[in-house]
**Q** 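Got a structure here, written out as structure tokens. Questions coming.
Note: hydrogens, waters and symmetry copies are ignored here, and every other heavy atom, side chains too, is used. To find a chain, count down the sequence lines: A is the first, B the second, and so on, and within it residues start at 1.
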Amino acid sequence: MIKDIIYSTIQFILLVLLQVFILDNVALWGFINPMVYIWFIILLPYGTPKWLTLLSSFLLGICVDIFAGDIGVNAFACVFIAFLRPLLLNSFSGNIDNPTQRPSISTQGFMNFLLFTISMTLVHHLLCFCISTFAWAEIIQVLLRTLMSSVITILVILFLDMIFFRKAE
Amino acid sequence: MNDLLRFLKRYYHVFLFLLLEGLSIYFISCNSFRQGSYITSIANNISGGIDEAYSNVTSYFYLKSTNEALVQENVRLRKMVESSYVKIVNNVHKEEDTVYKQMYSFIDARVISKTVNKRNNFFMLNKGSISGIEPDMGVISPNGVVGVIVKTTPNFSLVMSVLHQDSKLNVRNERTKTTGTLVWNGKHYATGQIVDMPSSLAVKKGDKIVTSGFSRNFPEGITVGTIKKFTKDKGTGFYDIDIKFSTDYNKLEYVYVIKNYFKIEQDRLMQGIDTADTPKQDLVR
């Protein structure tokens with residue numbers, strides 16, 4: 001229990017730093033903005049209480065927002081996917097025997113984890129870009145931005161997952 | 001009573017969800033930088049300190065290109081020192097040293113955090129109201145226009161970049177002298193758009209675009225960029241122009257904040273007219 005909390009806290013800090021100092025400065029083709037920090041929300045243990053998921057996601061969003069200068073945007077999107085998370089986990093996870101397990105390729109299987117990550121990322125990115133643009137006239141651009149950034153985010157998350165949670169053989 | 005408690009226990013996460021989303025929306029609605037909000041200024045103070053420490057390290061990576069840009073600027077400035085002064089000749093008999101009165105002065109500052117890949121981009125500077133920076137002042141880099149100050153705290157200030165939805169800057173084609181409005185469509189940080197430039201005088205690819213001096217926060221003739229592509233809009237008689245910014249916003253390091261000594265006087269002159277029908281000439285208004 002304590003181990004899980006410490007683990008999650010370290011992960012929280014590292015992901016915020018990664019996002020704020022590296023990924024927010026990435027400008028691939030000028031408009032791609034990968035947001036890998038949502039890996040934190042994806043990776044919370046299965047048995048995390050709902051209130052803790054919501055509150056920690058809100059905090060995560062606020063931390064990233066403070067550095068981006070647009071307060072509330074990331075927080076909104078994070079809380080939203082934190083709310084969706086239990087529903088998505090139910091539909092995409094196999095048999096969960098241990099509530100301290102965390103969703104990853106090795107516990108969920110590649111396909112399930114991929115679908116779970118894709119749905120979380122797409123919803124989050126779409127919300128983020130829609131709110132910060134807030135104009136119907138640019139909807140095509142928002143969708144394009146969402147799609148491209150999501151692809152990068154998902155690839156990075158899968159990559160990190162493969163590095164840190166390789167199946168013990 | 002028991003039922004109510006059970007209901008609350010079962011659905012408490014929905015209420016928490018709604019509460020947190022409400023809070024987020026409240027924060028977003030506070031983000032209107034024109035009024036200046038308490039929340040953003042707290043956030044500025046927190047992130048400002050950390051960003052400054054980080055940027056102290058990363059600034060070394062850009063040292064070479066920054067130096068080159070500064071040297072180039074020095075050369076250019078030596079040639080045109082007079083341009084930041086306004087000539088006042090109300091009386092020809094006055095002595096010569098009162099002919100010029102200083103109109104603009106510059107405060108140097110360092111960029112400690114920036115974004116270029118969002119729809120609405122901001123920069124944070126390492127100086128604030130203690131150094132004399134106030135909202136609405138223009139910000140330029142050695143290579144050209146950067147944005148306008150929207151918010152200051154004692155030690156930091158926030159710049160709305162020209163890479164922002166609400167950014168509107170009056171610019172001029174240096175060759176033909178026709179004016180237009182610089183906006184940004186959010187696609188690429190190296191490319192800006194000019195609207196409202198009349199097609200009565202033909203523009204050419206590579207024409208230099210500079211500030212018009214109509215806006216009260218920028219002096220005349222600050223470089224903005226060069227024309228990359230243009231099409232004539234038959235219906236309106238205006239050009240649709242794509243320009244290449246002269247500043248690489250992703251590498252921005254040192255900037256100057258412009259103080260206009262006559263701003264209050266000019267603002268007073270525009271009072272009353274401004275509210276009714278504003279010519280689109282300021283970045284923020």
Side-chain angles (χ1 to χ4, degrees), chain A residues 16-17 20-35 49-59 61-80 82-86 127-135 137-138 141-142 144-145 149, chain B residues 11-31 33 37 39-40 42-48 50-51 54-55 57-58 113-124 150-151 158-161 163-165 185-191 248-251:
Chain A
V16 169
L17 291 180
V20 168
F21 288 129
I22 298 172
L23 291 174
D24 270 357
N25 294 316
V26 168
L28 289 171
W29 299 290
F31 64 94
I32 293 178
N33 181 201
M35 291 183 270
K50 283 171 182 166
W51 62 270
L52 190 60
T53 315
L54 288 169
L55 272 183
S56 55
S57 305
F58 180 71
L59 252 169
I62 287 288
C63 283
V64 174
D65 278 334
I66 281 176
F67 287 91
D70 238 3
I71 300 183
V73 178
N74 286 303
F76 186 92
C78 282
V79 173
F80 198 86
F83 185 68
L84 287 185
R85 186 175 181 272
L127 277 175
C128 264
F129 291 131
C130 276
I131 296 170
S132 60
T133 303
F134 217 75
E138 295 178 14
Q141 206 193 319
V142 168
L144 190 70
R145 208 179 253 253
S149 301
Chain B
Y11 290 108
Y12 76 97
H13 68 279
V14 178
F15 295 115
L16 185 65
F17 166 71
L18 291 176
L19 178 81
L20 291 177
E21 292 295 52
L23 206 59
S24 302
I25 292 172
Y26 171 71
F27 284 161
I28 295 172
S29 67
C30 285
N31 275 350
F33 287 93
S37 79
I39 291 160
T40 30
I42 297 174
N44 274 3
N45 267 331
I46 299 172
S47 61
I50 302 174
D51 276 337
Y54 178 74
S55 127
V57 176
T58 52
S113 89
K114 59 174 180 273
T115 60
V116 293
N117 52 15
K118 308 213 180 293
R119 179 63 184 94
N120 298 320
N121 295 292
F122 295 94
F123 300 104
M124 196 185 289
V150 284
K151 178 130 199 69
L158 201 62
V159 183
M160 179 170 93
S161 156
L163 309 178
H164 192 292
Q165 228 166 356
N185 64 7
K187 289 208 176 113
H188 195 285
Y189 67 88
T191 311
D248 184 346
Y249 294 107
N250 206 10
K251 277 192 195 156

**Q** Would you indicate whether the side-chain heavy atoms of B:Leu20 and A:Phe83 approach each other to under 4.5 Å?
**A** no

**Q** Verify the neighbour count for atom OH of B:Tyr11: are there more than 12 heavy atoms of other residues, nucleotides or ligands below 6.0 Å?
**A**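 No, the 6.0 Å shell around OH holds no more than 12 heavy atoms from other groups.
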
**Q** Quick check: closest heavy atoms across B:Ile28 and A:Val73, and the distance to 0.1 Å?
**A**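 Nearest pair, atom of B:Ile28 first, then A:Val73: CG1-N, 3.8 Å.
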
**Q** Taking atom CG of A:Asn33 and atom CZ of B:Arg119, what is their separation to the nearest 0.5 Å?
**A**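 Result: 13.5 Å between the selected atoms.
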
**Q** Output the distance between atom CD1 (B:Ile25) and atom CD1 (A:Ile131), rounded to the nearest 0.5 Å.
**A** 7.5 Å

**Q** Rounded to the nearest 0.5 Å, what separation is found between the CG atom of A:Asn74 and the OG atom of B:Ser24?
**A**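 Rounded to the nearest 0.5 Å, the CG-OG separation comes to 10.0 Å.
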
**Q** Quick check for you: to the nearest 0.5 Å, what is the distance between B:Leu16 atom CG and A:Leu55 atom CG?
**A** 5.0 Å

**Q** Using non-hydrogen atoms and a 4.5 Å limit, figure out which bit of A:Phe80 sits close to chain B: side chain, backbone, both or neither.
**A**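 Contact with chain B: backbone and side chain both.
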
**Q** If I compare all heavy atoms of B:Phe27 with all of A:Gly72, which pair ends up nearest, and what's the gap?
**A** CB-CA, 4.0 Å

**Q** I'd like to check the side-chain hydrogen bond (donor to acceptor under 3.5 Å, both in side chains) partners of A:Gln141; sequence neighbours left out, ordered by chain and number.
**A** none

**Q** Excluding sequence neighbours, so at least two apart, what forms side-chain hydrogen bond (donor to acceptor under 3.5 Å, both in side chains) with B:Thr115?
**A**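 Only B:Asn121 meet the side-chain hydrogen bond (donor to acceptor under 3.5 Å, both in side chains) criterion with B:Thr115.
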
**Q** Flag the one option from A:Cys78, A:Ser57, A:Ala75, A:Gly61 with the top tally of heavy-atom pairs under 4.5 Å to chain B.
**A**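 Top count of heavy-atom pairs under 4.5 Å with chain B: A:Ala75.
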
**Q** I need the minimum non-hydrogen distance between A:Arg145 and B:Asn117, along with the two atoms involved.
**A** NH1-O, 2.9 Å

**Q** Quick one: are A:Trp51 and B:His13 in side-chain contact, heavy atoms under 4.5 Å?
**A** no

**Q** For A:Phe58, which atoms come within 4.5 Å of any heavy atom of chain B: side chain, backbone, both, or neither?
**A**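 Only the side chain of A:Phe58 comes within 4.5 Å of chain B.
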
**Q** Nearest 0.5 angstrom please: B:Phe17 CZ to A:Lys50 NZ, how far?
**A**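 One finds 12.5 Å between CZ of B:Phe17 and NZ of A:Lys50.
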
**Q** Please find the pair of heavy atoms, one from A:Val79 and one from B:Glu21, that lie closest to each other, and give the distance.
**A** CB-OE1, 3.4 Å

**Q** Among B:Asn185, B:Asn120, B:Thr191, which residue has the highest count of heavy-atom pairs closer than 4.5 Å to chain A?
**A**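 Most heavy-atom pairs within the cutoff with chain A belong to B:Asn185.
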
**Q** Taking side chain as everything from C-beta outward and backbone as N, CA, C, O, which of these in B:Gln165 sits under 4.5 Å from a heavy atom of chain A? Side chain, backbone, both or neither.
**A** side chain

